Protein chains: 2
Amino acid sequence: MSPRGGRPPGASDARERILTAARELFAQKGFQQTSLRAIATEAGVDVALISHYFDNKRGLFVAAIALPHDPADVLAAVADVPDEQLGSGVLRAVLTVWSSPGAAGLEASFRSAIAGDESLVRDMLQGLVLPQLHERVEQMSGDADRRLPLAFTQIAGIILLRQVIRLEPLTRLTVDEVVAALGPNVDRLLTGPLPD
Amino acid sequence: MSPRGGRPPGASDARERILTAARELFAQKGFQQTSLRAIATEAGVDVALISHYFDNKRGLFVAAIALPHDPADVLAAVADVPDEQLGSGVLRAVLTVWSSPGAAGLEASFRSAIAGDESLVRDMLQGLVLPQLHERVEQMSGDADRRLPLAFTQIAGIILLRQVIRLEPLTRLTVDEVVAALGPNVDRLLTGPLPD
């Protein structure tokens, strides 16, 4: 194989060093507590180079944990879904990403994050995924701080048992069949009555 | 520190060798495909010694993955729960075990099984946990082969996000509050209408 493109070797080396430093620091200190400056220092590069390669901290995080898709793009798909089906829409969007060809990296990140430092997954949910839905749920039915984490238990559970643990017959169900069976649970947690 | 008790060192060594061999073979080949004979051979002990220490393959599995409680005992708690609240009862029983002092080992097993070979968790669910509920669900509402795995997605999801990922505010909810919020989902999957 010949090297791709004309980028000088030093530059792509810097990109890899940034990613390595980011993985280490995100895993040690979590997404919120890790600064781009600290990553730049650890990687031995100027902080401006991080913005050049990854735009911002979220972009770097997505690249560092090898997400095949930015959560923002995935959740953009639910913008047109009616309120009472928002939960089903989010479930469908997440399952669709996990069923896509790029999902092997996502699964590997999920496994290693759980095995090592679960704060990566927690920060991704708390810092990237849930905030994007927060305002809509708050306006729609209130109590978004409690509804969203509860709703994501149903989503996390089907991802865990269908995509990671591969429990039968869940792996044989289509995305449509999973959404038909579990979507009402997610819808209920986002829009239906909750105790208290 | 002085050695505990009067058991000859060779014997307790054999018990540890059995556990080590069991973890390796269960991880490689899964619960169903691993024979006690293969474990005995790997551990260099007579197969009768396994029965002596662990009664049977299930007992050995529970010890190997360091479950603080046998799933059979945990699920015995739901025998008296009315059918329409069976899902809530199972959810409560599982959460109660995970909130008990012995759960650190359970969490560690769960994490390492997901990181390494997910077949340990899959076999525990498919081979030990779900069969204990199968007959009751089949008689109660039919379609147990589909209902039970679907219901366990909700249970697995709250365990993952509350106990392993520690997503707020889930960690601050009591078992009663979790059961009030998510129990209806599990009840619905075990006894309510399903699509198709």
Side-chain angles (χ1 to χ4, degrees), chain A residues 91 107-108 110-126 129-130 145-173 176-189 192-196, chain B residues 107-108 110-126 129-130 143 145-173 176-189 192-196:
Chain A
L91 175 62
E107 186 188 316
F110 183 80
R111 284 174 189 264
S112 56
I114 291 174
D117 184 342
E118 75 288 347
S119 71
L120 278 177
V121 175
R122 185 173 61 232
D123 287 340
M124 192 186 66
L125 282 171
Q126 203 95 61
V129 179
L130 302 188
D145 286 340
R146 194 165 53 128
R147 287 181 182 277
L148 275 166
L150 285 170
F152 269 78
T153 64
Q154 178 59 90
I155 295 172
I158 183 67
I159 292 296
L160 179 63
L161 293 193
R162 181 175 186 256
Q163 312 295 139
V164 179
I165 306 288
R166 304 192 199 289
L167 184 68
E168 296 298 342
L170 301 177
T171 58
R172 295 197 304 269
L173 299 180
D176 282 343
E177 287 170 333
V178 173
V179 171
L182 301 180
N185 282 0
V186 193
D187 292 334
R188 187 183 74 77
L189 291 168
L194 277 189
D196 283 3
Chain B
E107 186 188 316
F110 183 79
R111 283 174 188 264
S112 55
I114 290 174
D117 186 341
E118 76 287 347
S119 71
L120 278 176
V121 175
R122 186 174 60 231
D123 287 339
M124 191 187 68
L125 283 170
Q126 203 96 62
V129 178
L130 303 188
D143 215 356
D145 286 339
R146 194 165 55 129
R147 287 181 182 276
L148 276 166
L150 284 169
F152 269 78
T153 64
Q154 177 61 89
I155 295 172
I158 183 66
I159 293 296
L160 178 64
L161 293 193
R162 182 176 186 255
Q163 311 295 139
V164 179
I165 306 288
R166 304 192 200 290
L167 184 69
E168 296 300 343
L170 300 177
T171 59
R172 296 197 303 270
L173 300 180
D176 281 344
E177 287 170 333
V178 173
V179 171
L182 300 181
N185 282 0
V186 193
D187 293 334
R188 186 183 74 76
L189 291 168
L194 276 189
D196 285 3

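None of these values were measured; they are calculated from a predicted model. Each chain gets a letter, A, B and so on, in the order the sequences are listed, and its residues count up from 1.
With values rounded to the nearest 0.5 angstrom, A:Phe152 atom CZ is found 6.5 Å from A:Leu125 atom CG.
Taking every heavy atom of both residues into account, B:Arg172 and B:Glu168 meet most closely at NH1-OE1, 2.9 Å.
Within the 4.5 angstrom heavy-atom criterion, only side-chain atoms of B:Leu173, from C-beta onward, approach chain A. There is no contact between A:Arg162 and chain B, counting heavy-atom distances below 4.5 Å. Interface residue B:Asp145: only backbone heavy atoms are found under 4.5 Å from chain A. For chain A, the nearby parts of B:Ile165 are the backbone and the side chain; heavy atoms of each come within less than 4.5 Å. If you measure heavy-atom distances from A:Leu161 to chain B, the contacts under 4.5 Å come from the side chain alone. Contacts between B:Leu150 and chain A at a heavy-atom distance below 4.5 Å involve backbone atoms as well as side-chain atoms.
Proximity of B:Leu189 to B:Arg147: side-chain heavy atoms (C-beta onward) are nowhere separated by under 4.5 Å. Inter-residue side-chain proximity for B:Leu160 and A:Ile159 is flagged as unmet; no heavy-atom pair is nearer than 4.5 Å. In this structure, A:Asn185 and B:Arg188 have side chains that are in contact, with non-hydrogen atoms separated by less than 4.5 Å.
By number of non-hydrogen pairs under 4.5 angstrom with chain B, the leading residue of A:Ala180, A:Ala156, A:Pro169, A:Pro149 is A:Pro149. Ranking A:Ile155, A:Leu130, A:Leu182 against chain B, the residue ahead of the rest is A:Leu182, based on heavy-atom pairs under 4.5 Å. Most heavy-atom pairs under 4.5 Å with chain B, from the set A:Val178, A:Leu194, A:Leu170: that is A:Leu170.
Evaluation of the salt bridge (charged side-chain N to carboxylate O under 4.0 Å, His left out) rule for A:Asp176 yields A:Arg92 as partners, not counting sequence neighbours. Annotation: side-chain contact (heavy atoms from CB on, under 4.5 Å) contacts of A:Pro193 (sequence neighbours excluded): none.
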